[in-house]
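Reviewing the structure listed below.
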There are 2 protein chains.
Amino acid sequence: MDQDFYCLHSEMCKTLANEKRQRILGALRTSELSVSRIVEATGMSQANASQHLSILRSKGVVKARREGNKVFYSITNPKIIQAFDLISEVMQEVLADQSHMIDDVIEHPIDPT
Amino acid sequence: MDQDFYCLHSEMCKTLANEKRQRILGALRTSELSVSRIVEATGMSQANASQHLSILRSKGVVKARREGNKVFYSITNPKIIQAFDLISEVMQEVLADQSHMIDDVIEHPIDPT
DNA sequence: TTAGAACATTCATATATCCTTATGTACCCC
DNA sequence: GGGGTACATAAGGATATATGAATGTTCTAA
């Protein structure tokens, strides 16, 4: 495994690992949207949305297209959606496992002696 | 989409979005390992490895099993490896696209007028 | 029960990230 | 050109994250 690999990999993850940026990607998963639409869909401030879009763009996750007054953003690579969904599955399975573990503890309390 | 969904999702991503933790997951992808083996494989300090393992464990990404003196860690869900690899692919494709874009700029410089 | 190995935790500090406010730039229409 | 809309960027202070050093804990073996 290449020296920089984990660093690059974690950079990509870090880009995706933010609630606001996830909301943006969630909004963009079906179609491209203008910034003002993204602001509407996500409920964040315009400045904040632009900042996150700038980060996503600089990491190659989304691309921008100007059309007159507006700028339309879209996801560059459909695998980003796949990765997003796969992590959703992992998250749900992990949560399910954790609640089973809690059930076990409730039904079979750990003896502290 | 649930209110907390993006928050949970970004929490999971944040857990994965760290170079050291990625190294640990990379070391664990084929088999479980004791902490000392993980320390060897990743080159980080014992305390730091324990700290990151604690984070991974608290988020349900890895699980621990004590055997006498040692504690063996393993990845809880094989989909975590899938997600890891998928993000690798995304990363490589994004990097490839970016270098094409740089080529384009070199071959067809943007006219500043 | 003491020594030592393997691992976990705490604390303090450095660094990075995030968001708000304010300001700047690009485009359209009159 | 002037004004308005859409978007981008900069500066700042608040919050979160990462790391090393020091200290605890758990187990084994003698």
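Below, chains carry the letters A, B, ... as their sequence lines are ordered, and counting in each starts from 1.
Shortest non-hydrogen contact noted between B:Met44 and B:Ala49 is SD-CA, 3.7 Å.
Checked by atom type and distance alone, the side chain of B:Thr42 never pairs as donor or acceptor with a backbone atom of B:Arg23 at under 3.5 Å. Under a 3.5 Å cut-off, the side chain of B:Ser54 and the backbone N or O of B:Ser50 do not form any donor-acceptor pair. Looking at B:Gln22, its side chain does come within 3.5 Å of a backbone N or O of B:Leu16 through a donor-acceptor pair. The main-chain N or O of A:Gly68 is found under 3.5 Å from a side-chain atom of A:Arg66 such that the two form a donor-acceptor pair. Looking at A:His9, its side chain does come within 3.5 Å of a backbone N or O of B:Phe84 through a donor-acceptor pair.
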Nucleotides 2-10 of chain C: which of its N/O atoms have a protein N/O under 3.5 Å away?
from	atom 1	to	atom 2	distance (Å)
C:dC7	OP1	B:Val35	N	3.3
C:dC7	OP1	B:Val71	N	3.3
C:dC7	OP2	B:Ser36	N	2.8
C:dC7	OP2	B:Ser36	OG	3.0
C:dA8	OP1	B:Tyr73	OH	2.6
C:dA8	OP2	B:Ser50	OG	2.7
C:dA8	N7	B:Gln46	NE2	2.9
C:dT10	O4	B:Gln51	NE2	2.8

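Here the range on DNA chain D touched by chain A, meaning any atom under 4.0 Å from one of its heavy atoms, is D:dT5 to D:dA11.
Dense packing is recorded around NZ of A:Lys59, with more than 12 heavy atoms of other residues, nucleotides or ligands lying under 6.0 Å away.
With rounding to whole Å, A:Lys59 atom NZ is found 12 Å from C:dT17 atom C1'.
At the phosphate of C:dC19, OP1 or OP2 sits under 4.0 Å from a side-chain N or O atom of A:His52.
The distance from atom NZ of A:Lys20 to atom CG of A:Leu53, rounded to the nearest 0.5 Å, is 12.0 Å.
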